[in-house]
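As a basis for the values below, the full set of heavy atoms in this structure was taken, side chains included, without hydrogen atoms, waters or symmetry mates.
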Amino acid sequence: MKEQVLVSGGAGYIGSHTAVALIEAGYDVVIIDNFSNSDMGAVEGVRKITGVEVPFEQVDCCDKEALRAVFKKYPFKSVIHFAAYKAVGESVADPLKYYSNNLNSFVNILELMKEEGRNNVLFSSSATVYGEPVELPVTEQTPRQPATSPYGNTKQMCEDILRDTAAAYEGIKGIALRYFNPIGAHPSALIGELPRGVPNNLVPFITQTAAGVRECLSIFGDDYNTPDGTCIRDYIDVVDLAGAHVAAIARLVEGKNKESYEIFNVGTGNGTSVMELVTAFERVNELKLNYKIVGRRSGDVESVWADTALANDELGWKAVRSTDETLQSAWAWEKKVRGL
């Protein structure tokens, strides 16, 4: 029997790509999602890409009894927890929404894992836990700085909850993957990033501007202490990121983890500025974007990129896709969505 993995938030951007990668690596996958920022199209996309009729349950992880029914129905031993709100700006404006959803959903998952004797949990964390780092690149030993947003704070708190849970309850093992900036889409253009309303992430705003959905791309600040004045991030292809989840789940399933709780940075190890990414998108896709410089955005850090040596060595994983390839996949997905 194949190892089964529950993917919460599996109809989301990263969750759907990870579901595909898991199936391609030989795992059985069960997807749950409440469609708060996704829809059935992503689940259908996963099914089309893999040729597998992946089981799906429409469940909100904050509804513990509905979640309990999923635990009773399926024999998975491992959970990848993606389900969370994730917009930095919205979290600043409505912090209680973020604390309520992001903390309660994860505590419910962990309580049911303990009750039902399920062992392995992989938590979708974020480079936002580093706040405004003092030194770059950041390693897993880089001290976490005070979060610059309630969203980032929920990621820090959930990491601590997982660490303490794995320490307290024998049998539960946890890994937190600290993502940097996922971009791009599956090469099939059957799944990709499709935010509801106005995008909060850079690349969907770029592609929607290129497609004419948005009139103009706003670049938040050009007066940072960086070479071109715009923020610097570590942009990683979402398919590469999905591969890191497969490697991390294998580590847990095979008992290769060295501690009950481990942390890995998942990025490329390279910093790219917002303006560099915009220019690269224009070049590789042979088009011109309408953009303007506006004021800084609350909650944004100036620069952050990863030291990925630990993930490379311990997980045997490395980001391999080029920025050009990734930006082409993002535009191919947008054109498909818009019928262009």
Side-chain angles (χ1 to χ4, degrees), residues 13 86-93 126-138 142 145-149 151-152 178-185 193 195 198-238 240-241 265-308 319 321-331 334:
Y13 175 42
K86 62 175 188 174
V88 169
E90 183 187 48
S91 79
V92 173
S126 168
T128 59
V129 302
Y130 294 115
E132 191 79 66
V134 176
E135 292 184 3
L136 290 166
V138 292
T142 297
Q145 299 295 323
T148 58
S149 68
Y151 161 73
R178 291 176 175 168
Y179 312 157
F180 281 69
N181 289 71
I183 59 172
E193 190 169 10
V198 179
N200 289 285
N201 294 334
L202 176 61
V203 170
F205 215 115
I206 288 175
T207 58
Q208 288 189 18
T209 303
V213 177
R214 306 287 160 196
E215 183 181 339
C216 185
L217 167 69
S218 293
I219 294 175
F220 297 105
D222 65 350
D223 57 350
Y224 288 96
N225 184 27
T226 61
D228 63 18
T230 63
C231 291
I232 292 176
R233 296 289 183 269
D234 187 335
Y235 296 99
I236 177 172
D237 190 293
V238 68
D240 280 336
L241 177 59
N265 284 339
V266 185
T268 66
N270 300 306
T272 302
S273 77
V274 170
M275 191 58 75
E276 285 174 330
L277 200 74
V278 168
T279 303
F281 181 86
E282 291 181 320
R283 174 178 51 77
V284 300
N285 293 305
E286 298 180 340
L287 46 78
K288 194 69 182 163
L289 283 171
N290 182 29
Y291 63 83
K292 64 182 177 182
I293 307 297
V294 298
R296 295 185 181 192
R297 180 173 60 176
S298 175
D300 279 345
V301 300
E302 182 171 273
S303 299
V304 64
W305 65 90
D307 182 323
T308 61
R321 286 167 174 77
S322 70
T323 302
D324 284 8
E325 185 178 2
T326 302
L327 292 173
Q328 285 172 326
S329 74
W331 182 226
E334 187 71 40

Residue list, side-chain contact (heavy atoms from CB on, under 4.5 Å) with [X], at least two apart or on another chain:
{"X": "A319", "value": "I236, D240, T268, W317"}
{"X": "A210", "value": "F281, L287, L289, W331"}
{"X": "T148", "value": "V301"}
{"X": "V238", "value": "Y13, I14, H17"}

Indicate the atoms forming the closest heavy-atom contact of [X] with [Y], along with that distance.
{"X": "A87", "Y": "Y151", "value": "O-CB, 4.4 Å"}
{"X": "P199", "Y": "P195", "value": "CB-CG, 3.9 Å"}
{"X": "V92", "Y": "S149", "value": "CG2-CB, 4.1 Å"}
{"X": "I293", "Y": "G221", "value": "CG2-C, 4.3 Å"}
{"X": "S329", "Y": "A185", "value": "OG-N, 3.0 Å"}
{"X": "S218", "Y": "V294", "value": "CB-CG2, 3.8 Å"}

Item to complete: Any chance you could lay out the side chain to side chain contact (heavy atoms under 4.5 Å, CB included) test for T207 and L327, step after step, and finish with the verdict?
Response: CA-CA 9 Å; T207 58; L327 292 173; over 6 Å; no
Indicate yes or no: at least one non-hydrogen side-chain atom of [X] is less than 4.5 angstrom from one of [Y].
{"X": "N265", "Y": "Y130", "value": "yes"}
{"X": "I206", "Y": "V278", "value": "yes"}
{"X": "V304", "Y": "R233", "value": "yes"}
{"X": "N200", "Y": "V88", "value": "no"}
{"X": "V134", "Y": "Q145", "value": "yes"}
{"X": "Y235", "Y": "T326", "value": "no"}
{"X": "T209", "Y": "C216", "value": "no"}

Worksheet entry | Stepwise side chain to side chain contact (heavy atoms under 4.5 Å, CB included) test for V284 and E325 | CA-CA 8 Å; V284 300; E325 185 178 2; over 6 Å; no
Discussion item. Is it the case that the side chain of E302 and the backbone of E132 share a donor-acceptor pair, with hydrogens and angles ignored and the cut-off at 3.5 Å?
Written reply: no
Worksheet item: Do side-chain atoms of T230 reach the backbone of M275 as a donor and acceptor pair under 3.5 angstrom?
Response: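 Between the backbone of M275 and the side chain of T230 there is a qualifying donor-acceptor contact (under 3.5 Å).
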Discussion item. Go through it in stages, so that I can follow the logic: the residues are D234 and Y179, the test is side chain to side chain donor-acceptor pair (under 3.5 Å), and I'd like the CA-CA distance, side-chain angles, deciding distance and then a yes or no.
Written reply: CA-CA 9 Å; D234 187 335; Y179 312 157; over 6 Å; no
For [X], all residues meeting salt bridge (Lys or Arg N to Asp or Glu O under 4.0 Å), sequence neighbours excluded:
{"X": "D307", "value": "none"}
{"X": "D228", "value": "none"}
{"X": "E90", "value": "K97"}
{"X": "R178", "value": "E159"}

Worksheet item: In chain order, what residues pass the ring-ring contact (aromatic ring centres under 6.0 Å, His included) check against F220, with sequence neighbours excluded?
Response: none
Worksheet, complete the sentence: The complete set of salt bridge (Lys or Arg N to Asp or Glu O under 4.0 Å) pairs with one or both residues in residues 200-224, sequence neighbours excluded, reads D223-R296
Just how far is it from atom [atom1] of [X] to atom [atom2] of [Y], taken to the nearest 0.5 Å?
{"X": "D237", "Y": "T323", "atom1": "CG", "atom2": "OG1", "result": "9.0 Å"}
{"X": "I219", "Y": "F205", "atom1": "CD1", "atom2": "CZ", "result": "11.0 Å"}
{"X": "I183", "Y": "L277", "atom1": "CD1", "atom2": "CG", "result": "5.0 Å"}

Item to complete: May I have all residue pairs that pass side chain to side chain donor-acceptor pair (under 3.5 Å) and include part of residues 286-295, sequence neighbours excluded?
Response: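 For residues 286-295: none.
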Practice prompt. Give the intermediate values and the outcome of side chain to side chain contact (heavy atoms under 4.5 Å, CB included) for residues W305 and I232.
Written response: CA-CA 8 Å; W305 65 90; I232 292 176; 3.7 Å; yes
Item to complete: Mind running side chain to side chain contact (heavy atoms under 4.5 Å, CB included) on S273 and T226 for me, showing each step along the way?
Response: CA-CA 8 Å; S273 77; T226 61; 5.6 Å; no
Worksheet item: Got a sec, which residues hit side chain to side chain donor-acceptor pair (under 3.5 Å) with D300, two or more places apart in sequence or on another chain?
Response: R297
